[in-house]
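One structure below.
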Number of protein chains: 2
Amino acid sequence: MKTVYERADIVPLLAETFRELGYEGATLSRITERTGIGKGSLYHFFPGGKEEMAGAVLADIDAWFEQAIYRPLRNDDARQAIAAMWVNVNDYFRAGGRICLVGAFALDDTRARFSSEIADYFIRWIEALSSALMRAGCAETEAQTLAEEGVCGIQGALVLSRALRDGKVFTRSLEALGNRLEAATR
Amino acid sequence: MKTVYERADIVPLLAETFRELGYEGATLSRITERTGIGKGSLYHFFPGGKEEMAGAVLADIDAWFEQAIYRPLRNDDARQAIAAMWVNVNDYFRAGGRICLVGAFALDDTRARFSSEIADYFIRWIEALSSALMRAGCAETEAQTLAEEGVCGIQGALVLSRALRDGKVFTRSLEALGNRLEAATR
DNA sequence: AAACTAATATACCGATCGGTACAGTGGAGA
DNA sequence: TCTCCACTGTACCGATCGGTATATTAGTTT
């Protein structure tokens with residue numbers, strides 16, 4: 001018996017490894033150890049090595065946010081999409097038990113490798129949220145400010161809940177942020 | 001001529017290196033390269049190696065925050081101390097050009113090495129800010145919530161401004177946070 | 001069943017890892 | 001001036017790094 005993978009099966013496993021160990025901390029041996037996938041397979045699917053693996057993970061994350069968060073914010077009913085965002089974000093980050101890889105990469109030298117992907121992720125999030133806020137009745141400048149504060153607050157909540165090892169901090173922060181945005185669209 | 005260092009001179013140089021590269025990314029050779037301090041000196045002052053170096057950096061950071069931020073928040077005039085906090089924090093983090101090492105360590109596996117130091121840093125910050133807010137007229141639960149939101153917002157602003165390579169995001173976020181706390185103590 | 005091929009395991013590569021050992025080096029006190 | 005010792009530079013250690021080469025495996029095609 002031989003377990004056969006596809007690229008699409010591997011990326012989520014890689015994602016979890018990079019999340020837990022960071023880019024530099026995720027060595028090839030630790031990756032094979034945690035994912036159960038040997039070097040042979042890894043380099044078969046990702047000839048560009050570790051950098052291509054991390055790039056694939058970022059692309060996967062981006063695709064998920066695009067369809068689950070950004071697109072609804074841009075196209076669907078504004079209030080409904082914003083409400084769904086808080087729920088989906090709380091689920092995605094496992095109530096603070098999972099970090100944002102994009103944010104983590106931004107903090108150290110790894111940013112240099114994925115500069116545009118990292119910037120894009122946040123720019124599009126803020127723009128999509130801002131668009132929804134405007135459709136919900138906010139003025140343009142206020143929408144922009146609130147969107148930035150919202151995304152900012154999510155990242156802070158992830159850092160804080162990891163530091164305090166307390167998922168309640170994350171969920172509580174999301175609630176507070178949600179209430180503030182809702183109050184501003186009334 | 002021989003350049004002679006003291007431990008106290010080295011710690012800030014180490015801090016900057018860990019900030020830029022992260023714990024795993026800061027290899028001994030990169031540390032000597034960036035600080036100009038050879039392995040011999042490094043292991044003379046920090047026999048425990050890399051982990052002791054990072055520990056000394058965290059202790060140094062903690063000491064700075066204790067005297068420059070936490071103590072004033074706990075003991076001095078509340079409104080004045082809170083106002084000073086925003087200014088000092090903006091300076092310390094170089095308007096978003098410098099990251100919070102404690103927050104960065106919290107995000108990956110490095111947290112396991114410095115779990116209590118990381119948690120302490122944030123707990124004491126939140127408690128000190130909460131104390132100041134109560135003296136400024138907040139009810140206990142509201143003070144606690146606002147303090148958490150304030151510290152949380154600072155961490156988020158650091159992530160976001162790094163990701164977007166835009167220091168204005170950081171300064172702007174601090175201003176917004178400051179205004180919200182001030183509005184709540186009126 | 002033979003040929004082909006995508007996927008996998010493993011041995012191996014030079015470079016670098018964190019850490020150790022030790023021989024200087026140079027300024028301060030006797 | 002001689003001794004002492006905190007400090008520094010460098011050579012070296014075994015382990016592990018990211019990456020390559022290649023033989024093997026197991027379906028699929030013919």
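This one's a predicted model, so the numbers in the text were calculated from it and none came from an experiment. Quick note on labels: first sequence line is chain A, next is B, and so on, each numbered from 1.
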### Query
Can you check whether A/His44 has a side-chain N or O nearer than 4.0 Å to OP1 or OP2 of C/dT8?
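False: A/His44 side-chain N/O out of range (4.0 Å or more) of C/dT8 OP1/OP2.
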Taking side chain as C-beta onward, heavy atoms only, is [X] less than 4.5 Å from [Y]?
X: B/Phe122; Y: A/Val169; answer: no
X: B/Glu52; Y: B/Phe45; answer: no
X: A/Ile61; Y: A/Glu117; answer: no

### Query
Step by step, would you call A/Glu149 with B/Arg172 a salt bridge (Lys or Arg N to Asp or Glu O under 4.0 Å)?
CA-CA 10 Å; A/Glu149 284 179 23; B/Arg172 195 193 304 154; over 6 Å; no
### Query
Can you check the A/Ile10 CD1 to C/dA6 P distance for me, whole Å?
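Going from CD1 in A/Ile10 over to P in C/dA6 covers 16 Å.
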### Message
Expressed as a whole number of angstroms, how long is the span from A/Ile37:CD1 to C/dT10:P?
### Response
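Nearest whole value for this atom pair: 15 Å.
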Any protein N or O atoms within reach of nucleotides 15-22 of chain C? Criterion: under 3.5 Å, listing atom names and distances.
residue, atom, partner, partner atom, Å
C/dC17, OP1, B/Thr27, OG1, 3.0
C/dC17, OP1, B/Ser29, OG, 3.3
C/dC17, OP2, B/Ser29, OG, 2.7
C/dG18, OP1, B/Lys50, NZ, 3.0
C/dG18, OP2, B/Leu28, N, 2.5
C/dG19, OP2, B/Tyr43, OH, 2.7
C/dG19, OP2, B/Lys50, N, 3.1
C/dG19, O5', B/Tyr43, OH, 3.2
C/dG19, N7, B/Lys39, NZ, 3.0
C/dG19, O6, B/Lys39, NZ, 2.1

#### Entry: Test side-chain hydrogen bond (donor to acceptor under 3.5 Å, both in side chains) applied to B/Glu20 and B/Arg98, B/Arg34, B/Arg30, the passing residue
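Of the listed residues B/Arg98, B/Arg34, B/Arg30, the side-chain hydrogen bond (donor to acceptor under 3.5 Å, both in side chains) partner of B/Glu20 is B/Arg34.
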